[in-house]
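Take a look at the following structure, please.
Side-chain atoms are counted along with the backbone in the values below, which use heavy atoms only and exclude waters and symmetry mates. Labels below follow one simple rule: chain letters A, B, ... track the order of the sequence lines, proteins then strands, and each chain is numbered from 1. What you are looking at is a predicted structure, and each value in this text was computed from that prediction instead of being measured.
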Amino acid sequence: MSEIAETPSAPMPSLTTRLEIVPIVLFAAFAAAPLLATYSGAEGYVLSLLTRVMIFGIAAMALDLILGYGALVSFGHAAFLGLGGYAVGILASHGIEDALVQIPVALAASALFALITGAISLRTKGVYFIMITLAFGQMLYFLATSLAAYGGDDGMTLSSRSLLAGSSVLKNDFTFYWVCLLCLLGAYAFSRSVVASRFGRVLRGTRENAIRMEAIGFQPFRFQLAAYVVSGMLAGLAGCLLANQAEFVSPAFMTWQRSGELIFMVVLGGLGSLHGAVIGAAAFLLLEEFLPEILHSLSFFLSEEARSHLAENWKMVFGPLLILIVLFARGGIMGLLRRPHHG
Amino acid sequence: MNATLLFVQALNGLQFGLILFLIAAGLTLVFGVMDFINLAHGVQYMVGAYLVAAFSAWTDSFGWALLLALPSALAFGLLLEVLVFRHLYDRDHLDQVLATFGVILFLNQGVKFVWGAAPLSVPVPDLLSGSVEIASGLLYPVYRLAIIAAGLVVAAQLYVLVNHTRVGMLVRAGASNASMVSALGVNIQRLFMIVFGFGAMLAGFAGAMVAPILSVEPGMGDNILILAFVVIVIGGIGSIRGAFLAALLIGLVDTVGRSFAPNLLRLFLDPAAASQTGRAIAPMLIYIFMAAVLFFRPSGLFPVKR
């Protein structure tokens, strides 16, 4: 938890250079993926999977801003995914289909929700903070299930993707992919500059010792609240994209299990590393996607019936795998990348 | 809005609150004594319900099924403690949340694997089926009254156990200062195992009791877990008394709110709008209640002094 990323404590040039390459490689891979998708023969599938990965990458990065840099365990961050998604869905059902209207509305709604709930939640600490953010997430979840006019429990199907300045370019899966990649890069650049700024340093200071920060003249509450609002807005943006990717919005966007998954992505990637959060999201979603097939091929020595039974119940392997990762892979994937040079 | 209906809803709220208390009691003790967030407490409630469903199909008797389910739930809780939870005590809350999240995934799929995805139903025991007239013209199912009675009996026993026995004294001491208790020569690890197994059994008991009136299905523990957390956070973590009062409050607010929010709103709004908003607000009521309580008392109604 106290892993301080991106503040190299000892001069280790080779390590820092090596770690600086990670985000470059990561984003280059995302940029190259559409080409590979074309050659793979299953481009629709590959593109939609990777688009999902990038969208959850944005959401995980948003959460990492407060979780990794501020040690604020928000257990209700899926609510912002829902806010973004419902902003798109509700506006579209009233004939406002342009992303240039939908996204600002979603960001404003997310900011407002984050401001109000953050101001209340930040009065509490530790476990109470975890639980009160969870409660706010649940509140929004139940509100969505009771919106009978907008599908209630069943959610609502969007008739098409959002328009972009009046044109329907997002209909094309490739264009949508590039737009998501652009959003991811933008979110990454923005988050990095936030973290590196004076604001980010104060936030990290409050993570280490809030009382000391107060003693030297900062008000931790204000910084934490501002970070909470920024994080909520980024997650709201991810929600807009997710609704467009799925062409569907439902309360399932904001179940508490989804909030748990977001936390898991951040921890899996490595707390306090922005590109780590993206890698964590990718690892989580790809594992979820391919574990059934991996299990099927790994169990070649079993009968066909047993193999398909195993693949069908992949979550019985996924759960323990998560436990093992928590128990043995401290520092997440970024921690593993960093380790060889320490030893 | 008539008095009879209010009375029936209050009884339902009491019954729901007592079930919540049975789950929250174990959760708050584990939380209070070991500072351990156990998200998997809800699946122990589910496991209790499944055990009673399996045993009652096997023995054809709810009584025997309950007698068999309780020690099984205890054994199951202890098994989880040894396999997973024991390794997480000295980790931070985040790791505990995540690892127990993995346990939830495993067990929700596990019951599907063993019993199938379709909901199971458990017949109401013959002895407790039917209704009684509790006031003139007011019938109430006997089984729900039995749940209320069982919940109250267990709560009373728990009160005696925690407040008037040696183990209870250690648990209370552990909840306020675990390291001091440990320094005084108490094996806190073993104490925790006892608390943990006992908590798992209480959650299993709650699941077993509601099995005949709810459908037994994978994931049934997930939402009740969140409510149990709401209860212990409102009550003050580690406080049994707080959990009891908060559970009853939550049970009443939820049940009565669901049936009366539309009626109350009708005083200010036109009927259609009132029923629409009422339905939207009712499920949010307890979370609004929780936020309000924490706003005024950030560490709950009955905080354990540390």
> Given side chains that start at C-beta, do those of B:Phe106 and A:Leu322 come closer than 4.5 Å, heavy atoms only?
Replying inline: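 In short, these two side chains do not touch, never coming nearer than 4.5 Å.
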> Which value, rounded to the nearest 0.5 Å, describes the distance between B:Asn223 atom CG and A:Gln138 atom CD?
Replying inline: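 Between atom CG of B:Asn223 and atom CD of A:Gln138 there are 6.5 Å.
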>> Is it the case that atom CD in A:Glu305 sees more than 12 heavy atoms from other parts of the structure closer than 6.0 Å?
In response: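 No, CD of A:Glu305 has 12 or fewer neighbouring heavy atoms, counting only those of other groups under 6.0 Å.
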> Which answer fits B:Ile104, side chain, backbone, both or neither, if we ask what part of it has an atom under 4.5 Å from a heavy atom of chain A?
Replying inline: side chain
> At their closest point, which heavy atom of B:Phe113 faces which heavy atom of A:Asn313, and how far apart are they?
Replying inline: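 Looks like CD1-ND2, 3.1 Å.
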> With a 4.5 angstrom heavy-atom cut-off, which part of B:Leu225 approaches chain A: side chain, backbone, both or neither?
Replying inline: side chain
> Does CZ belonging to A:Arg222 count more than 12 external heavy atoms closer than 6.0 Å?
Replying inline: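 Not more than 12 within 6.0 Å, no.
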>> Report which part of B:Val84 has an atom under 4.5 Å of a heavy atom belonging to chain A: side chain, backbone, both, or neither.
In response: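 Side chain only.
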> About how many Å separate CZ of B:Phe101 and CZ of A:Phe75, when rounded to the nearest 0.5 Å?
Replying inline: 6.5 Å
> Between atom CZ of A:Arg123 and atom CG of B:Leu294, what is the distance when rounded to the nearest 0.5 Å?
Replying inline: 9.5 Å
>> Within the structure provided, determine whether A:Val73 and B:His93 are in side-chain contact (heavy-atom separation under 4.5 Å).
In response: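 A side-chain contact under 4.5 Å is absent here.
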>> Can you tell me which of B:Gly300, B:Ser299, B:Ala291 forms the most heavy-atom pairs within a distance under 4.5 Å of chain A?
In response: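 Between B:Gly300, B:Ser299, B:Ala291, the count favours B:Ser299.
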> Is there a side chain to side chain contact (heavy atoms under 4.5 Å, CB included) between B:Leu88 and A:Leu327 once you walk through the steps?
Replying inline: CA-CA 8 Å; B:Leu88 293 163; A:Leu327 286 180; 3.7 Å; yes
> Quick one: of B:Met284, B:Gln96, B:Arg91, who has the most non-hydrogen atom pairs under 4.5 Å with chain A?
Replying inline: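 Winner by heavy-atom pair count: B:Arg91.
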> side chain to side chain contact (heavy atoms under 4.5 Å, CB included) between B:Val103 and A:Ile323: does it pass, once the steps are laid out?
Replying inline: CA-CA 7 Å; B:Val103 175; A:Ile323 300 170; 3.5 Å; yes
> Which pair of non-hydrogen atoms, one from B:Met290 and one from A:Met131, has the smallest distance, and what is that distance?
Replying inline: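 Heavy atoms only, the tightest pair is CE-O, 3.4 Å.
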> When you look at A:Thr124 and B:Val233, which way does the side chain to side chain contact (heavy atoms under 4.5 Å, CB included) test go after all the steps?
Replying inline: CA-CA 11 Å; A:Thr124 61; B:Val233 165; over 6 Å; no
> Where does A:Ala148 contact chain B at under 4.5 Å (heavy atoms): side chain, backbone, both or neither?
Replying inline: both
>> Are the side chains of A:Trp256 and B:Asp222 in contact, using a 4.5 Å heavy-atom criterion?
In response: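 They are in side-chain contact.
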>> Run the side chain to side chain contact (heavy atoms under 4.5 Å, CB included) test on A:Ile130 and B:Phe229 for me, step by step, so that the C-alpha distance in whole Å, both residues' side-chain angles and the decisive distance to 0.1 Å come before the verdict.
In response: CA-CA 10 Å; A:Ile130 299 180; B:Phe229 269 116; over 6 Å; no
> Which region of A:Tyr141, side chain (C-beta onward) or backbone (N, CA, C, O), has a non-hydrogen atom less than 4.5 Å from a non-hydrogen atom of chain B, or is it both or neither?
Replying inline: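 Looking at A:Tyr141, nothing touches chain B.
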>> Just so I understand: if I count every heavy-atom pair under 4.5 Å between each of A:Ile120, A:Thr145, A:Leu143, A:Leu321 and chain B, which residue has the most?
In response: A:Leu143
> Roughly how far apart are B:Leu105 CG and A:Trp314 CH2, rounded to 0.5 Å?
Replying inline: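 Rounded to the nearest 0.5 Å, the CG-CH2 separation comes to 8.0 Å.
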> With only heavy atoms counted, which part of A:Ile132 is less than 4.5 Å from chain B, the side chain, the backbone, both or neither?
Replying inline: both
>> Given heavy-atom pairs under 4.5 angstrom as the criterion, report whether the side chain, backbone, both or neither of A:Glu312 touches chain B.
In response: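 A:Glu312 touches chain B through backbone heavy atoms alone.
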> Looking only at heavy atoms, what is the nearest atom pair of A:Met139 and B:Ile288, with distance?
Replying inline: CE-N, 3.5 Å
